[in-house]
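Below is one structure, written out as structure tokens; comments come after it.
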There are 2 protein chains.
Amino acid sequence: MQKQIASRIEILKVSAHPVRIAILEELSKGVKCVSDFEEFLDISQPNISQHLAALRHAGIVDYFIDGRLRCYFLKNPLIIDLLEILKKDYPHELPGPECCPATKKGTYPGERRR
Amino acid sequence: MQKQIASRIEILKVSAHPVRIAILEELSKGVKCVSDFEEFLDISQPNISQHLAALRHAGIVDYFIDGRLRCYFLKNPLIIDLLEILKKDYPHELPGPECCPATKKGTYPGERRR
DNA sequence: TAAAAATATAATAATATTTGCATATATGCA
DNA sequence: TGCATATATGCAAATATTATTATATTTTTA
């Protein structure tokens, strides 16, 4: 596996958490400071800071300082595409192989001894 | 958070593992049975089965049976888009807010007391 | 029918993640 | 300077994930 893929899997892993997705969704709309998140996330301030720290350490977000506010913003462009996938409509499952998945039996298409 | 989003975050979470991404990448090329995975994944057979079980339980893959082979295939269409994101080229970071992130100082754009 | 092949399951141990709570730091203001 | 505000950090407990090992199940073949 390439290194780049590995680091992107790490990005996925860090993002794949309900609170962190909610944070990222908000940040996709614009800059937000920590107490903004307190208004709509039903978790403690330290916990919010911890999630933000995880996102920061993964290079997903960054912040600038305004007085005592930390103003967070999105940094990693992959996140935009990821958020899109979460909202996209997928009307059907993928088409199964042309065997008979209904019966759960079929013929393996690969080269294989029996 | 909507239920659908929550279940998709679960899909992400299950997928965000190097071995499971390698499995999904292979399955995106076509049906594969468990011993096919043994040929290029450097982990034990039981561990492969466990990863496949995790993917099955999440509704990401399914299988049909051919004799003693279990022929796995991709089921969830979101995975195709996810794999694409992992390979896509992202040449730059997202443009920062129009303040001065270089100095890490700036002015919070939201409505807030100081 | 017994053995082999392909795969799954179960139990365990090691490790990582998550949260809660207490406390620390830094800034602005009286 | 001292206090309030905004946020971060450290640590412990609870929980979840991962890999390992042993064993079970199913199907084919001899």
Side-chain angles (χ1 to χ4, degrees), chain A residues 6 9-23 26-27 31-39 41-58 60-73 103-108 110-114, chain B residues 6 9-23 26-27 31-39 41-58 60-73 103-108 110-114:
Chain A
I9 293 173
E10 188 56 31
I11 301 283
L12 283 195
K13 190 172 156 190
V14 174
S15 304
H17 182 290
V19 168
R20 295 200 283 261
I21 287 291
I23 288 173
E26 269 309 292
L27 288 182
V31 177
K32 291 279 177 313
C33 68
V34 179
S35 39
D36 288 335
F37 295 119
E38 288 188 74
E39 284 171 26
L41 290 177
D42 209 25
I43 61 176
S44 70
Q45 174 274 315
N47 198 190
I48 292 174
S49 272
Q50 284 166 336
H51 286 298
L52 285 168
L55 292 169
R56 250 188 301 124
H57 295 142
I60 296 171
V61 305
D62 201 356
Y63 64 84
F64 63 85
I65 294 173
D66 179 9
R68 45 194 168 185
L69 304 179
R70 303 258 173 144
C71 307
Y72 280 84
F73 57 90
T103 65
K104 288 255 191 195
K105 302 227 170 174
T107 306
Y108 180 62
E111 299 166 14
R112 275 195 96 67
R113 65 282 172 196
R114 294 304 176 61
Chain B
I9 293 173
E10 188 58 30
I11 300 284
L12 285 193
K13 189 174 156 190
V14 173
S15 304
H17 182 290
V19 168
R20 294 200 284 260
I21 287 292
I23 288 174
E26 268 310 290
L27 288 182
V31 176
K32 291 280 177 311
C33 67
V34 179
S35 41
D36 288 334
F37 295 120
E38 288 188 76
E39 283 171 25
L41 291 177
D42 208 25
I43 62 177
S44 69
Q45 174 274 315
N47 198 7
I48 292 174
S49 270
Q50 283 168 337
H51 285 298
L52 286 168
L55 293 168
R56 251 188 302 125
H57 295 141
I60 296 172
V61 305
D62 201 355
Y63 64 84
F64 63 86
I65 294 174
D66 179 9
R68 44 194 169 188
L69 304 178
R70 303 256 173 145
C71 308
Y72 280 84
F73 57 90
T103 65
K104 288 258 195 191
K105 302 227 172 178
T107 307
Y108 180 61
E111 299 166 14
R112 275 196 94 67
R113 66 278 171 197
R114 292 302 174 64

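Hydrogens, waters and symmetry mates are skipped; everything else that's a heavy atom, side chains included, is used. Note that the structure is predicted; figures quoted are calculated from it, not measured.
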Distance-only side-chain donor-acceptor flag, B/S35 / B/E39, under 3.5 Å |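 No, B/E39 and B/S35 have no side-chain donor paired with an acceptor closer than 3.5 Å.
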Heavy-atom side-chain contact between [X] and [Y] under 4.5 Å:
X	Y	value
A/S15	A/L12	no
A/L52	A/R70	no
B/V31	A/Y108	yes
A/I48	A/E38	yes

What is the separation between atom [atom1] on [X] and atom [atom2] on [N], rounded to the nearest whole Å?
X	N	atom1	atom2	answer
B/Y108	D/dA6	OH	P	12 Å
B/F64	C/dA6	CZ	C1'	15 Å
B/L52	D/dT18	CG	P	14 Å
B/I23	D/dT18	CD1	C1'	13 Å
B/H57	C/dT9	NE2	C1'	10 Å
A/L41	D/dT7	CG	C1'	15 Å
B/D42	D/dA19	CG	P	12 Å
A/Q45	C/dG20	CD	P	13 Å

Interatomic spacing from CD1 in A/I23 to CZ in A/F37 - rounded to 0.5 Å =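 Here the rounded value is 5.5 Å.
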Using a cut-off of less than 4.0 Å, is there contact between a side-chain N or O of [X] and OP1 or OP2 of [N]?
X	N	result
B/R20	D/dT18	yes
B/Y63	C/dA6	no
A/R56	D/dT9	yes
A/H17	C/dT19	yes
A/H51	C/dT17	no
A/Y72	D/dA8	yes
A/K13	D/dT17	no

Using only heavy-atom distances, decide whether a donor-acceptor pair under 3.5 angstrom links the side-chain of B/Q50 to the base of D/dT20.
->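 Answer yes: a donor N or O sits under 3.5 Å from an acceptor.
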What nucleotide, of [options], holds the atom closest to the side chain of [X]?
X	options	result
A/P46	D/dT28, C/dA22, D/dA6	C/dA22
B/S35	C/dT7, D/dG10, D/dA8	C/dT7
B/R68	C/dT19, C/dA6, D/dT9	C/dA6

Pick the nucleotide of DNA chain D nearest each of B/E10 and A/C71; which residue has the one closer to the 5' end?
->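 Result: A/C71.
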Does A/R70 or A/A16 map to a spot on DNA chain C nearer the 5' end, using the closest nucleotide for each?
->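 Mapping each residue to its closest nucleotide by heavy atoms, the 5'-most match is A/A16.
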